[in-house]
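Data first, discussion second: the structure below is written as structure tokens.
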Amino acid sequence: MVNKEEIYPELITYVTELMQGNGYAPGVLCNITAALHDALPHYFWVGFYVVRDGELHLGPFQGPVACYRIKKGRGVCGTAWAKAATVVVPDVDQFPGHIACSSLSRSEIVVPIISDGEVVAIIDVDSRDLNAFDATDQHYLEQLACLLASTTLFAT
């Protein structure tokens with residue numbers, strides 16, 4: 001079994017190194033999603049949605065094809081954006097209005113990236129397993145979101 005308590009701190013360090021000296025957002029975000037997807041076997045899909053023109057627009061990701069745009073308040077991603085808070089969904093079939101990009105997704109965690117008091121993007125992670133995400137995932141993904149918010153990667 002994978003020990004998330006050991007993997008996440010190493011990933012945060014690695015992601016920090018990936019970002020150093022690299023200001024090209026798509027490349028940095030692509031490498032971050034690849035690192036997360038490869039290191040954490042319970043991650044089926046991981047990616048970013050970026051706020052643009054009043055919607056969440058699909059950004060770099062790892063996993064199957066995803067939705068291009070999501071409106072504020074719709075689905076898990078739009079809800080996390082509207083609330084400006086992390087949303088953990090143990091069973092996506094029980095989440096009202098869940099947007100199913102893949103029928104294989106069973107649970108989800110969405111963490112907003114907040115800069116200057118505004119959500120600028122979200123980190124979206126899906127799992128094939130029910131109840132795959134816990135306080136450990138939330139803690140470290142929120143730490144990653146804070147790290148990303150402190151950069152200029154999402155500057156408009």
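Residues: numbered from 1 along the sequence shown. Worth knowing before you read on, the calculation uses all heavy atoms, side chains too, and leaves out hydrogens, waters and symmetry mates. For clarity, every value in this text was computed on a predicted model and none was experimentally measured.
Looking only at distances, a side-chain donor or acceptor of T13 sits under 3.5 Å from a matching main-chain atom of P9. T33 places no side-chain N or O within 3.5 Å of a backbone atom of V46 that could act as its donor or acceptor partner.
The two atoms that bring F154 and V120 nearest to each other are CB-CG2, 3.7 Å, heavy atoms only. Minimum heavy-atom separation, I114 to A149: O-CB, 3.1 Å. The nearest pair of heavy atoms linking I123 to L141 is CD1-O, 3.9 Å. Residues A145 and V111 share a closest heavy-atom pair of CB-CG1, 3.7 Å. Here the shortest heavy-atom pairing between Y49 and A66 reads OH-CB, 3.7 Å. The shortest non-hydrogen separation linking P60 to P26 is CG-O, 3.8 Å.
In F95, the CZ atom is crowded: over 12 heavy atoms of neighbouring residues, nucleotides or ligands sit closer than 6.0 Å.
Here the CG atom belonging to L40 is positioned 7.5 Å from the CG atom belonging to D137, to the nearest 0.5 angstrom. Atoms CG and CD, on N31 and Q62 in that order, are 9.0 Å from each other to the nearest 0.5 Å. From T16, atom OG1 reaches atom CG of L147 across 4.5 Å, with rounding to the nearest 0.5 Å. Atoms CG and NE2, from N131 and H42 in turn, are 11.0 Å apart once rounded to the nearest 0.5 Å. With rounding to the nearest 0.5 Å, the separation of OG1 in T136 from CD1 in I7 is 11.5 Å.
Inter-residue side-chain proximity for Q94 and V89 is flagged as unmet; no heavy-atom pair is nearer than 4.5 Å. Under the 4.5 Å side-chain criterion, counting only non-hydrogen atoms from C-beta, V15 is in contact with L144. Side chains of D126 and R106 form no contact here, defined as non-hydrogen atoms less than 4.5 Å apart. For the pair L58/C67, no side-chain contact is recorded, criterion being any heavy-atom separation below 4.5 Å from C-beta on.
Cluster membership for Y14 and L29, using ILVMFWY side-chain heavy atoms within less than 4.5 angstrom, is not shared. A single hydrophobic cluster is seen to contain both V92 and V110, as judged by linkage of ILVMFWY side chains at heavy-atom distances under 4.5 Å, directly or through other members.
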**Request:** Quick one: do I122 and C77 satisfy side chain to side chain contact (heavy atoms under 4.5 Å, CB included)? Show the steps, please.
**Result:** CA-CA 7 Å; I122 58 103; C77 293; 3.6 Å; yes
**Request:** Kindly indicate, with the supporting measurements, whether the criterion side chain to side chain contact (heavy atoms under 4.5 Å, CB included) is fulfilled by L18 and V28.
**Result:** CA-CA 7 Å; L18 287 173; V28 172; 5.5 Å; no
**Prompt:** After noting the C-alpha distance and the side-chain angles of E5 and Y140, does the key distance pass the side chain to side chain contact (heavy atoms under 4.5 Å, CB included) rule?
**Reply:** CA-CA 9 Å; E5 288 284 353; Y140 286 105; 3.8 Å; yes
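The ring of H139 has its center no closer than 6.0 angstrom to the ring center of Y8.
By the 4.0 Å N-to-carboxylate-O rule, D134 lies close enough to K4 to be salt-bridged with it.
Side-chain atoms of S127 and E108 include no donor-acceptor pair closer than 3.5 Å.
Within the structure, side chain to side chain donor-acceptor pair (under 3.5 Å) pairs that include any residue of residues 65-83 comprise E55-K71 (at least two apart or interchain).
Ring pair F61/W45 is parallel by interplanar angle, where below 30° counts as parallel and above 60° as perpendicular.
Checking T151, L148, V50 one by one against I113, the side-chain contact (heavy atoms from CB on, under 4.5 Å) holds for a single residue, L148.
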